[in-house]
Amino acid sequence: MMWMVGGALVLLIARFLWMGYFHRVNAMSRQAELMNWVEIGRMSNPNGGKDILLARDERGSRIDWRTGEVWLINPKVADPFEDYLAVERWLTLSVLSAEKNTDAASAKPADAATTPDAVAEPVIDPMPAFQQKVDDCLARADGGQELLDTKQAFEAGSEAYLDASTDLSRAAIDSALSPMMVATFHISAFAALSDAAGIDRLDRAAASLRAAAKQIRASAE
């Protein structure tokens, strides 16, 4: 009889721990915290429970207590997002699209006349300076030194991650994307590693950066 009671208690404790840590809503809340979203309150869910409200700068989001889906409420988006990684990509690409439209509107026609004896300026590779700016952005974020150490350790320990990081920066330079946005993609890659271990962590992080570079190029076409 006692073993049955003990077994029931173990199951109850295991369920409590699962609800407290592995439940999708709590997983989304931890993911949001890694990306500097701050919980600002709760609101009633029509189907029961209370949704979590979060903010970052002027942005607002909500985690549905019943489904764990993420909703953007500022700016307001009609459809939910699977997680905060998807939110970050949507926000980044929205900013990129707005910057491209602004640049196109303010661009002036180039002067067709050229000086016959003009000497071409030497071409300077922008990659090192851009990568340094990305590192500076990571260092200024919450937990910045840890984020920067993680990025540098991944780049030193994985050729695939280094190649993906370089390709992401190259795509960002070609599309006039800011170093801060690239730093955000690195943070998103780190946040996706909670259920990965060993070398698989590096492969997953590299895949996340490659996907980000692909999205940037697709949005620029």
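In what follows, residues are counted from 1 in the order of the sequence shown.
The two residues Ala139 and Leu148 come nearest to each other via the heavy atoms CB-CD2, 4.2 Å. In terms of heavy-atom proximity, Ala205 sits nearest to Ala189 at O-CB, 3.9 Å. Nearest heavy-atom pair, Met35 versus Arg56, reported as atom, atom and distance to 0.1 Å: O-NH1, 2.8 Å. In this structure, Trp37 and Leu72 approach most closely via the heavy-atom pair CH2-CD2, 4.2 Å. Taking each heavy atom of Lys50 and Ser44 in turn, the nearest pair found is NZ-OG, 3.2 Å. For the residue pair Val25 and Gly68, the shortest heavy atom distance occurs at CG2-CA, 4.0 Å.
Atom OG in Ser165 sits 12.0 Å away from atom CZ in Arg210 (nearest 0.5 Å). Cys137 contributes atom SG, which lies 10.5 Å from atom NE2 of His186 (distance to the nearest 0.5 angstrom). With rounding to the nearest 0.5 angstrom, the CG atom of Leu162 is 8.5 Å from the NZ atom of Lys151.
Side-chain heavy atoms closer than 4.5 Å link hydrophobic residues (I, L, V, M, F, W, Y) into clusters, and following such links, even through other members, never connects Met180 to Leu168. The hydrophobic clustering, which links ILVMFWY residues whose side-chain heavy atoms are closer than 4.5 Å, places Tyr84 and Leu91 together.
Using a 30° and 60° split on the angle between ring planes, Trp90 and Phe81 fall in the perpendicular class, above 60°. Ring pair Phe154/Tyr161 is perpendicular by interplanar angle, where above 60° counts as perpendicular and below 30° as parallel.
By the 6.0 Å contact criterion, CD on Glu146 is open, its count of non-hydrogen atoms from other residues, nucleotides or ligands being 12 or less. For Glu39, the CD atom sits in a packed shell: over 12 heavy atoms of surrounding residues, nucleotides or ligands are nearer than 6.0 Å. Open room surrounds CD on Glu33; 12 or fewer heavy atoms of other groups in view lie less than 6.0 Å from it.
Between Arg89 and Ser188 the shortest side-chain heavy-atom distance does not fall below 4.5 Å. Side-chain contact between Asn45 and Asp64 is present, with heavy atoms from C-beta onward closer than 4.5 Å.
The backbone N or O of Thr166 lies less than 3.5 Å from no partner atom in the side chain of Asp163, so there is not a single donor-acceptor pair.
Using modelled atom types, one finds no donor on one side chain facing an acceptor on the other under 3.5 Å when comparing Asp135 with Gln131.
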